[in-house]
*Asks:* 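Structure below; questions to follow.
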Amino acid sequence: MRPGLEHLVLKWLREEDPERLEALWTAADRVRAEFVGEAVHLRGLLEISNYCVRQCAYCGLRAGRVALDRYRMSEEEVLEGAKLAAHLGFGTVVLQSGEDYGISTAWMAEIIRRIKEDTSLAVTLSLGERPESDLRAWRAAGADRYLLRFETSDADLYHRIHPPIQTGVTVERTVLLRTLRALGYEIGSGVMVGIPGQSYGSLARDILLFQALDLDMIGIGPFIPHPGTPLGRQEAAGALSPREQVPNSETMVCKVLALARLLCPEANIPSTTALAVVNPDDGHRLGLSRGANVVMPNLTPPVYRKMYEIYPKKACIDDDLWALAGLRRKIESLGRSVGKGPGGRLRRGAAADIQVELPAHCG
Ligand code: SAH
């Protein structure tokens, strides 16, 4: 790590002057254009199950929410969804779920095999902390990428909001990410911005960790309180002074996104649904012009969407075909094009070896 980098990242996170921030947005957009180009890759998201064994204090799918109706898509429904993604011209399907052990190793492997047989899609999995044997089997079946956010690099805060299922048995997500990489997956991780108890210093370290892990994909979105969760009711919140507490604002998310782009120039970075929830009219455009190069339209069958409310209002972002046409127009109006093919990471070198200068901070 370059000396002084953490300090500089921290200064940018604290910057509030709109004119100075323009310099950050411009630098991120320039580096995005140089390293990943003008293509915006669309990844079709299928939320295949909302069963979950975990008790994450932030998430609306947590096991403790007994009133929530649970579903698991059938093999045929998942295949139909993947075919729809291919039909729409997307290059990737993302299969996401709660941590659901009803998703068996063999069932998932068979679905991955069939998607790879029937389409030319890249397959991304986001199924939580599964044992290495599952990850190995799914990779052998053809899965290309795995998303697992570390949520925050602050160990105390992480363990408070993401308790282990079995007392004393903790899986470190960063260790799992390294395992995934060794198995040959492209790896994605990321954080929520504005978790109660998240300090500026820890957020700066999150961004440096993106670089140290040399992530292929980085997902960044605002923390959105869910009233059915302890964190949404402020119960698991750490007490931080207002000066230390990171806000879950749109601008703060954009700062993290822009800094992630500058420190990890080659990464695929989505303009996330959570950002679009905070700003339905302009969230995607802002994300795409401040470092992002990916959007993940939701292709989950409408009957299941409202049961996959990891945070409120998520199901209101309806990615129907009409919205998709609007998204394509938005991409073109930014002078960008819709990406073709799987859109994997184009690798020139490890993130830490690509020396992109952060704009100097003169505050
Ligand atoms: N079970 C999988 C997928 C979880 S959903 C896993 O744990 O990896 C994907 C992401 O949604 C999470 O990693 C988290 O960063 C985000 N998320 C969950 N609850 C949220 C909330 N209340 N506000 C914003 N993002 C949230």
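In each ligand, atom 1 is the first atom listed, and ligand 1 is the first ligand listed.
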*Asks:* Please examine the side chains of Val356 and Phe35, heavy atoms only from C-beta on, and report whether any two atoms are closer than 4.5 Å.
*Replies:* yes
*Asks:* Flag yes if more than 12 heavy atoms outside Arg348 fall under 6.0 Å of its CZ atom; otherwise flag no.
*Replies:* yes
*Asks:* Just to verify, which of Leu45, Leu95, Val93, Leu147 counts as forming a side-chain contact (heavy atoms from CB on, under 4.5 Å) with Thr124?
*Replies:* Leu147
*Asks:* Would Arg149 count as a polar contact of ligand 1, with the cut-off being nitrogen or oxygen pairs under 3.5 Å?
*Replies:*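 The answer is yes, given that Arg149 and ligand 1 share an N or O pair closer than 3.5 Å.
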*Asks:* Report the nearest protein non-hydrogen atom to atom 21 (C) of ligand 1: residue, atom name, distance rounded to 0.1 Å.
*Replies:*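 That would be Ile224 O, 3.5 Å.
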*Asks:* Can we say Arg114 and Glu76 salt-bridge, meaning some charged N sits less than 4.0 Å from an Asp/Glu carboxylate O?
*Replies:*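 Salt bridge present between Arg114 and Glu76.
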*Asks:* Which atoms of ligand 1 sit under 4.0 Å from any heavy atom of Cys59?
*Replies:* 19 (N)
*Asks:* Between the side chains of Asn293 and Asn268, does any donor sit under 3.5 Å from an acceptor?
*Replies:*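 Asn268 and Asn293 do have a side-chain donor-acceptor pair below 3.5 Å.
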*Asks:* May I ask you to check if ligand 1 and Glu151 share an N or O to N or O distance below 3.5 Å?
*Replies:*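 N/O-N/O distance below 3.5 Å exists for this pair.
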*Asks:* For atom 24 (C) of ligand 1, which of Pro222, Gly221, Ala57 has the closest heavy atom?
*Replies:*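 Selected option, by shortest heavy-atom distance: Pro222.
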*Asks:* Charged N to carboxylate O below 4.0 Å: is that the case for Asp154 and Arg160?
*Replies:* no
*Asks:* Would you mind checking which non-hydrogen protein atom is closest to atom 11 (O) of ligand 1, with the distance to 0.1 Å?
*Replies:*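 Closest protein heavy atom to atom 11 (O) of ligand 1: Ile310 CD1, 3.5 Å.
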*Asks:* Would you say Pro225 and ligand 1 have an N/O pair spaced under 3.5 Å apart?
*Replies:*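 No.
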*Asks:* Mind checking whether Phe150 and Leu263 sit in one hydrophobic cluster, side chains of I, L, V, M, F, W, Y counted as touching below 4.5 Å?
*Replies:* yes
*Asks:* For a salt bridge (charged side-chain N to carboxylate O under 4.0 Å, His left out) with Glu99, tell me which candidate from Arg62, Arg130, Arg54 qualifies.
*Replies:* Arg54
*Asks:* For ligand 1, is any non-hydrogen atom under 4.0 Å from Ser97's backbone (N, CA, C, O), its side chain (CB onward), both, or neither?
*Replies:* backbone
*Asks:* Tell me which protein heavy atom sits closest to atom 17 (N) of ligand 1, plus the residue, atom name and distance to 0.1 Å.
*Replies:*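 Heavy-atom neighbour on the protein nearest atom 17 (N) of ligand 1: Met192 SD, 3.8 Å.
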*Asks:* Just go through Arg173, Gln96, Glu129, Arg54 and tell me whose heavy atom is the nearest to atom 8 (O) of ligand 1.
*Replies:*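 Checking each option, the heavy atom nearest atom 8 (O) of ligand 1 is found in Arg173.
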*Asks:* For ligand 1, which is the ligand I care about here, please tell me if Tyr58 has any N or O atom under 3.5 Å from one of the ligand's N or O atoms.
*Replies:*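 There is such a contact, yes.
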